[in-house]
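Everything below concerns the one structure shown next.
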2 protein chains.
Amino acid sequence: MLSIGELSKRTGVKVPTIRYYEQMGLLAAVERSGGNQRRYSRTDLERLAFIRHARDLGFEIERIRELIALSNHPKDACEGADRIALAHLSDVRDKIDRLKKLEHELERIVSHCSGHTVEDCYVIRALSDHGLCDHEH
Amino acid sequence: MLSIGELSKRTGVKVPTIRYYEQMGLLAAVERSGGNQRRYSRTDLERLAFIRHARDLGFEIERIRELIALSNHPKDACEGADRIALAHLSDVRDKIDRLKKLEHELERIVSHCSGHTVEDCYVIRALSDHGLCDHEH
DNA sequence: CATAATTGCTCTAGCCACTAGAGGTTCAAG
DNA sequence: CTTGAACCTCTAGTGGCTAGAGCAATTATG
């Protein structure tokens, strides 16, 4: 049985975050010591590692809740898990696309800035005047 | 003079967001009608367009505050504005890099999923077992 | 075994950039 | 003059934590 601090060290999830996940219902309320301190089993550690891994991959708490529910019904098709992962992948790709457009616009703006005073500064001017932009955003 | 609703239509910034920007000090507190309703001038509209444009490019409120301060001192060097824009560009690039790693990891996970039940599902297994991953994250 | 340091507990509030809603007032059209 | 849309302020909620107060339990040291 691990204390919350030991669990934290082993998973890399901070102590308040572990308590937060419990509050959010991702981790079940766990056994307590005589003095009301949480005691975690190996199973709890594995579930937390699962959560952490999913968070690292950018899944939302709500999606993780769904993934846990699916993993608890091993006879169900894994269609659900696939769908969640593919939807997330699509979100990630959308974000990348949007950020790349920003990147190019910002590159263009800073590369044009050759003035030494704000009057000439392309950064400020570009922000003031949308007409100086290449595309919509 | 424009009402807040007209200003909203012309800039594409929602009414509560305009009030929020005023509260945050990006827009100065503005003239009011007899009945305490906000009335905006062309100058106010231009400033709001500036703010909107900067937000669209992903600048934080605090950075926009700084950019406005710089644009109000046209004799100062535009070094500051350049620095803010370059720092933001660097943030955007970092985000893109991180998202691309996620993208590849997710692609790998979903492409390996050929099982029909959760027991075989690579999505669930990959999340349970970090050892199945290619690199650190 | 006493004490001190560390770790744990709960509860509340803060972060960012809005968004939603309640409950009331003002304005413009007909 | 009435109706209905738009406006006002204020509070609370979003997501995923993080920080801090004020206290209790556990562990390490003398």
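Excluded from the calculations below are hydrogen atoms, water molecules and symmetry mates; all remaining heavy atoms, backbone and side chain alike, are included. We name chains A, B, ... by the order of the sequence lines, and we start the count at 1 in each one.
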Tell me: [atom1] of [X] to [atom2] of [N], nearest whole Å?
| X | N | atom1 | atom2 | value |
| --- | --- | --- | --- | --- |
| B:E62 | C:dC18 | CD | P | 14 Å |
| B:Y21 | C:dA17 | OH | C1' | 7 Å |
| B:R55 | C:dT19 | CZ | C1' | 14 Å |
| A:Y40 | C:dT7 | OH | P | 16 Å |
| B:M24 | C:dA17 | CE | C1' | 9 Å |
| B:I18 | C:dT19 | CD1 | P | 12 Å |
| A:E6 | C:dG8 | CD | P | 8 Å |

Heavy-atom contacts, protein to nucleotides 23-29 of chain C, under 4.0 Å, summarised as B (base), S (sugar-phosphate only) or - (none) per nt, yield ---SS--
Please confirm whether the backbone N or O of B:L7 pairs with a side-chain atom of B:T11, one donor and one acceptor, at under 3.5 Å? yes
Within the distance-only criterion (no hydrogens, no angle test), does the side chain of A:R65 pair as donor or acceptor with the backbone N or O of A:M24 below 3.5 angstrom?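 Such a contact is found between A:R65 side chain and A:M24 backbone.
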Under 4.0 Å between a Lys/Arg side-chain N and an Asp/Glu carboxylate O for B:D91 and B:K95? no
Does a side-chain N-to-carboxylate-O contact under 4.0 Å join B:R38 and B:E22? yes
CG of B:D82 to CG of B:L70, rounded to nearest 0.5 Å, is 10.5 Å
First locate atom CD1 of B:I4, then atom CD of B:E6, and finally report the distance between them rounded to the nearest 0.5 Å. 11.5 Å
Among the nucleotides C:dA17, C:dT19, C:dT10, which one has an atom lying closest to any side-chain atom of B:K14? C:dT19
In terms of heavy-atom contacts, A:L27 and A:R47 come closest through CD2-CG, 3.7 Å
Contact between A:V30 and A:R39 at the side-chain level, heavy atoms closer than 4.5 Å - yes or no? no
Are any of the side-chain heavy atoms of B:E107 and A:R93 separated by less than 4.5 Å? yes
For DNA chain D, note the earliest and the latest nucleotide, 5' to 3', having some atom under 4.0 Å of a heavy atom belonging to chain B. D:dC7 to D:dT9
According to a strict under-4.0 Å criterion, is [X] in side-chain N/O contact with OP1 or OP2 of [N]?
| X | N | value |
| --- | --- | --- |
| A:R32 | C:dT10 | yes |
| A:R19 | C:dT10 | no |
| B:T17 | C:dC18 | no |

Between B:Q23 and B:K9, whichever has its closest DNA chain D nucleotide further toward 5' is B:K9
